[in-house]
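Report on the following structure.
Keep in mind it's a predicted model, so treat the numbers as computed, not measured.
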Amino acid sequence: MIVYDLHCDNGHRFEGWFGSSADYDSQRERGLVDCPECGSKTVGKAPMAPAVGAKGNKEEPRAPSKDAQLSNAPMPPEVEKALKQLAKAQAKALESSTWVGDKFADEARSQHYGEKDEVPIHGKATKKEAEDLASEGISVAPILFPIAEPDKLN
Ligand SMILES: [Zn+2]
């Protein structure tokens, strides 16, 4: 079982339990997912910051909160090491992904609706664009570590 943070078009948030992400998709398509508060069937996964536009069966991480959580406590070496490894793993994952800059939402949508081949992309989107993607059921995930934007280099 997996749990998704869902929201309806009236802004209610609630949790939905599904057997799998495919189960969620099929229930949503058949209008079986509705808001417990207002009954709206216009339901989407709660917005997430966009990143790699790869669709798949992998679970999306929860939406990061807007406020950064900070600490000045000394970081244990193993944490620092783990973070570096994660950053490296992310960089490797993005190697095969194409930077699309501000066009992320358009590109992710074109792929989702089959107008374009599905290829890994990453880029930027506004909060509104990210919410729109989520409400259309387009799976995107946040980039965990800030990356240098290729179009800002040079
Ligand atoms: Zn509602």
Side-chain angles (χ1 to χ4, degrees), residues 1-71 79 82-83 85-150:
M1 295 287 283
I2 52 172
V3 61
Y4 282 128
D5 285 327
L6 302 175
H7 67 116
C8 77
D9 55 346
N10 291 317
H12 303 125
R13 281 175 174 261
F14 53 99
E15 288 190 341
W17 289 84
F18 303 93
S20 66
S21 65
D23 192 27
Y24 162 80
D25 288 336
S26 87
Q27 286 197 33
R28 186 167 165 271
E29 271 161 28
R30 287 181 289 156
L32 299 177
V33 183
D34 55 10
C35 170
E37 282 189 63
C38 69
S40 168
K41 293 191 192 306
T42 309
V43 164
K45 286 182 213 166
M48 282 163 293
V52 179
K55 276 201 314 186
N57 294 325
K58 62 179 192 266
E59 304 310 322
E60 292 85 0
R62 301 272 174 136
S65 72
K66 234 175 128 207
D67 302 325
Q69 295 182 329
L70 303 171
S71 162
V79 172
L83 285 176
Q85 279 173 350
L86 282 174
K88 232 166 114 181
Q90 176 185 277
K92 199 160 188 316
L94 292 180
E95 265 176 20
S96 58
S97 173
T98 307
W99 174 260
V100 294
D102 294 330
K103 296 197 194 71
F104 182 86
D106 288 344
E107 291 289 325
R109 191 169 279 121
S110 300
Q111 290 187 16
H112 181 78
Y113 293 109
E115 291 155 23
K116 288 193 177 171
D117 291 341
E118 286 189 25
V119 292
I121 52 168
H122 59 293
K124 291 186 293 186
T126 63
K127 188 165 177 284
K128 170 82 170 68
E129 285 171 336
E131 285 172 1
D132 288 347
L133 288 176
S135 67
E136 288 171 48
I138 300 174
S139 301
V140 295
I143 291 179
L144 294 175
F145 300 94
I147 57 167
E149 299 177 11

Quick one: are E136 and R109 in side-chain contact, heavy atoms under 4.5 Å?
-> yes
What is the minimum heavy-atom distance between A105 and L133, and which atoms define it?
-> O-CD2, 3.8 Å
Atom pair CH2 (W99) and CD1 (I147), whose distance is rounded to the nearest 0.5 Å = 5.0 Å
E107 side chain to I121 main-chain N or O, any donor-acceptor pair under 3.5 Å?
-> no
Check the pair Y113 / I138 against side-chain contact (heavy atoms from CB on, under 4.5 Å), numbers first and verdict last.
-> CA-CA 9 Å; Y113 293 109; I138 300 174; 4.3 Å; yes
Could you pull out the closest heavy-atom pair between D34 and G39, with the gap in Å?
-> CB-O, 3.6 Å
Reported CD-to-CG distance for the pair E115 and D106, which is rounded to 0.5 angstrom | 10.0 Å
Minimal non-hydrogen separation, N10 against C38, with atom names | ND2-SG, 3.2 Å
Specify the closest pair of heavy atoms between S135 and D132, including all atoms of both residues, with the distance to one decimal.
-> OG-O, 2.9 Å
Hey, what's the ring geometry for F18 with Y24, parallel, tilted or perpendicular (30° and 60° as the breaks)?
-> perpendicular
Would you give the length of the straight line joining atom CD of E149 to atom NE2 of H122, rounded to the nearest 0.5 angstrom?
-> 9.5 Å
Test item: I2 and S21 side chains (from C-beta on) under 4.5 Å apart, heavy atoms = yes
Minimal non-hydrogen separation, A125 against A130, with atom names = CB-N, 4.5 Å
All heavy atoms of H12 vs all of C35, minimum pair found to be ND1-SG, 3.5 Å
Flag if over 12 foreign heavy atoms under 6.0 Å of NZ, K41 | yes
Side-chain donor/acceptor of Q111 to backbone N/O of V119, under 3.5 Å | yes
Heavy-atom distance under 4.5 Å between the side chains of L144 and L86, does that happen here?
-> no
Check whether any side-chain N or O of H7 sits under 3.5 Å from a backbone N or O of F14 as a donor-acceptor pair, and report yes or no.
-> no
Might you work through the side-chain contact (heavy atoms from CB on, under 4.5 Å) test for K45 and D5, ending with a clear yes or no?
-> CA-CA 6 Å; K45 286 182 213 166; D5 285 327; over 6 Å; no
